Amino acid sequence: MNLFVNKRFSSRLVWLLSTLAAALVCAALRRWQLDSAFEAGAGLPIPGAQSSVILACVLVMAAAWFVLLALGQPVSKRPWTEGQAHRWDLVFLDAGDPVYPILVVLAAFLALAAAPVLLPMALNQWSAYQAAVQSGLTPPSSNGVLSAATALGALLAFLGLLQMGRDGLHPGRRGKGGFSAALPGIAGCIWLMESFRAHAANPVLWDYAPLLLSIVCGMLFFMDFAGMSAGAARPTRLLWLAAMTLVLSAVSLTSAAAEGGWHDLLLLAAQGLAAAAVLWRLPPKLESPPQPRGISIPQRTGESSIQEETDDE
């Protein structure tokens with residue numbers, strides 16, 4: 001039995017409450033930091049600002065708490081998993097739970113909404129770059145290519161998340177969501193490059209660090225999500241990454257809302273909702289994993305090994 005989960009509280013509730021509480025606290029601390037930890041006018045960070053120190057400490061404490069929750073997460077072993085890999089590829093293909101697919105589909109459309117924001121920005125950057133080149137002036141740092149690529153990445157994230165949500169409505173013999181779940185991770189790589197280009201010249205380290213951490217954590221989260229269907233399942237690590245992705249996304253959402261960065265805000269909200277969907281679905285399925293179709297479980301010790309249908313309709 002999990003040290004942190006008793007009969008009164010399910011592991012799902014513990015994960016969700018802990019993560020949401022940490023996300024709200026860290027978002028409030030980030031708002032305080034934006035108001036008090038930077039010099040007026042110059043915008044340079046104030047060394048040793050109280051809000052910055054407290055925010056860093058709370059983030060470390062939240063990460064440590066999620067490690068303890070992951071280590072203590074109950075994981076049930078079924079007879080049909082003995083001698084073969086756990087069938088975690090079926091965890092997200094269980095019908096009857098509308099919350100998970102609804103959250104993932106909402107995340108998909110949030111990612112899609114970022115594309116119309118990025119494309120005009122890319123066109124404006126391209127026009128400004130060409131005008132500077134033709135005038136013999138020093139061109140701006142961006143020619144719009146990375147912004148356009150990020151818009152394409154948002155479309156890829158939409159397709160991947162939409163397929164993940166669709167899979168969540170239908171039970172299956174085998175999970176086929178590895179490629180779909182990898183698409184938002186690939187989009188995150190492009191988004192990371194564009195974000196770095198936009199912030200690399202900014203001397204305010206704390207202005208970019210939360211966004212950098214949230215994008216990187218989101219990429220790792222989606223790659224671990226894809227691993228669930230690709231024979232490389234790390235379910236408890238996926239829980240930790242989902243929790244940290246949600247917390248860090250909340251911190252960065254506060255900055256994006258203050259700066260008016262709509263594409264960052266939409267993409268952060270998309271990965272945060274996807275992480276919340278995993279925190280909703282995964283903990284109870286670790287305690288009671290779904291049984292694959294076509295499995296014949298031996299009733300007596302020493303019987304023949306498990307037989308499984310190979311038809312993947």
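These figures come from a predicted structure and were not determined experimentally. In this chain, numbering begins with 1 at the start of the sequence shown.
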(message) Between Val25 and Met61, is there shared hydrophobic-cluster membership here, with clusters defined by ILVMFWY side-chain heavy atoms closer than 4.5 Å?
(response) no
(message) Using 0.5 Å steps for rounding, measure from the CG atom of Leu20 to the CH2 atom of Trp15.
(response) 12.5 Å
(request) Could you list all the salt bridge (Lys or Arg N to Asp or Glu O under 4.0 Å) pairs where at least one residue sits in residues 236-257, not counting sequence neighbours? (result) Asp224-Arg237
(message) As an exercise, state the distance from CZ of Phe66 to CH2 of Trp240, rounded to the nearest 0.5 Å.
(response) 9.5 Å
(request) Quick one: list whatever passes side-chain hydrogen bond (donor to acceptor under 3.5 Å, both in side chains) with Trp191, sequence neighbours left out. (result) Asp264
(message) Are Leu253 and Met219 linked, directly or through intermediate hydrophobic residues, by side-chain heavy-atom contacts shorter than 4.5 Å (ILVMFWY only)?
(response) yes
(message) Counting C-beta onward and ignoring hydrogens, is there a side-chain heavy-atom pair between Phe158 and Leu183 closer than 4.5 Å?
(response) no
(request) Please round to the nearest 0.5 Å and tell me the distance separating atom SG of Cys189 and atom CG of Leu156. (result) 11.0 Å
(message) How close do Phe221 and Ala275 get, counting heavy atoms only, and between which atoms?
(response) CZ-CA, 3.6 Å
(message) How long is the straight-line distance from SG of Cys26 back to CD1 of Ile54, given to the nearest 0.5 Å?
(response) 11.5 Å
(message) Restricting to non-hydrogen atoms, name the atom on Ala22 and the atom on Ala62 that form the minimum distance, rounded to 0.1 Å.
(response) CB-CB, 4.2 Å
(message) Using every non-hydrogen atom in the two residues, find where Leu286 and Pro235 come nearest and quote the distance to one decimal.
(response) CD2-CB, 3.5 Å
(request) Taking all heavy atoms of Gly272 and all of Leu246, pick out the closest pair and write down the distance. (result) O-CD1, 3.4 Å
Below 3.5 Å, can you tabulate the donor-acceptor pairs from side chains in residues 101-128 to any protein atom, sequence neighbours excluded?
from   : atom 1 : to     : atom 2 : distance (Å)
Asn124 : ND2    : Pro120 : O      : 3.2
Gln125 : OE1    : Ser142 : OG     : 3.2
Gln125 : OE1    : Ser147 : OG     : 2.7
Ser127 : OG     : Leu123 : O      : 3.0

(message) Using only atom types and a distance under 3.5 Å, with no angle test, would you say the side chain of Arg30 pairs donor to acceptor with the backbone of Thr254?
(response) no
(message) Are Ser18 and Leu69 packed together at the side-chain level, in the sense that at least one heavy-atom pair is separated by less than 4.5 angstrom?
(response) yes
(request) Compute whether any side-chain donor of one residue and acceptor of the other, for Gln271 and Thr245, lie under 3.5 angstrom apart. (result) no
(request) Find the distance between CD1 (Ile215) and CD (Glu194) and round it off to the nearest 0.5 Å. (result) 9.5 Å
(message) As a test of understanding, state which of Ser255, Ser252, Ser249 forms a side chain to side chain contact (heavy atoms under 4.5 Å, CB included) with Leu211.
(response) Ser252
(request) State the CZ-CD distance between Arg31 and Gln33, to the nearest 0.5 angstrom. (result) 10.5 Å
(message) Quick check on the hydrophobic clustering: are Val99 and Leu238 connected, directly or via other members, by side-chain heavy-atom contacts under 4.5 Å?
(response) yes
(request) Could you tell me which non-hydrogen atom of Leu161 sits nearest to which non-hydrogen atom of Pro184, and how far apart they are? (result) CG-CG, 4.0 Å
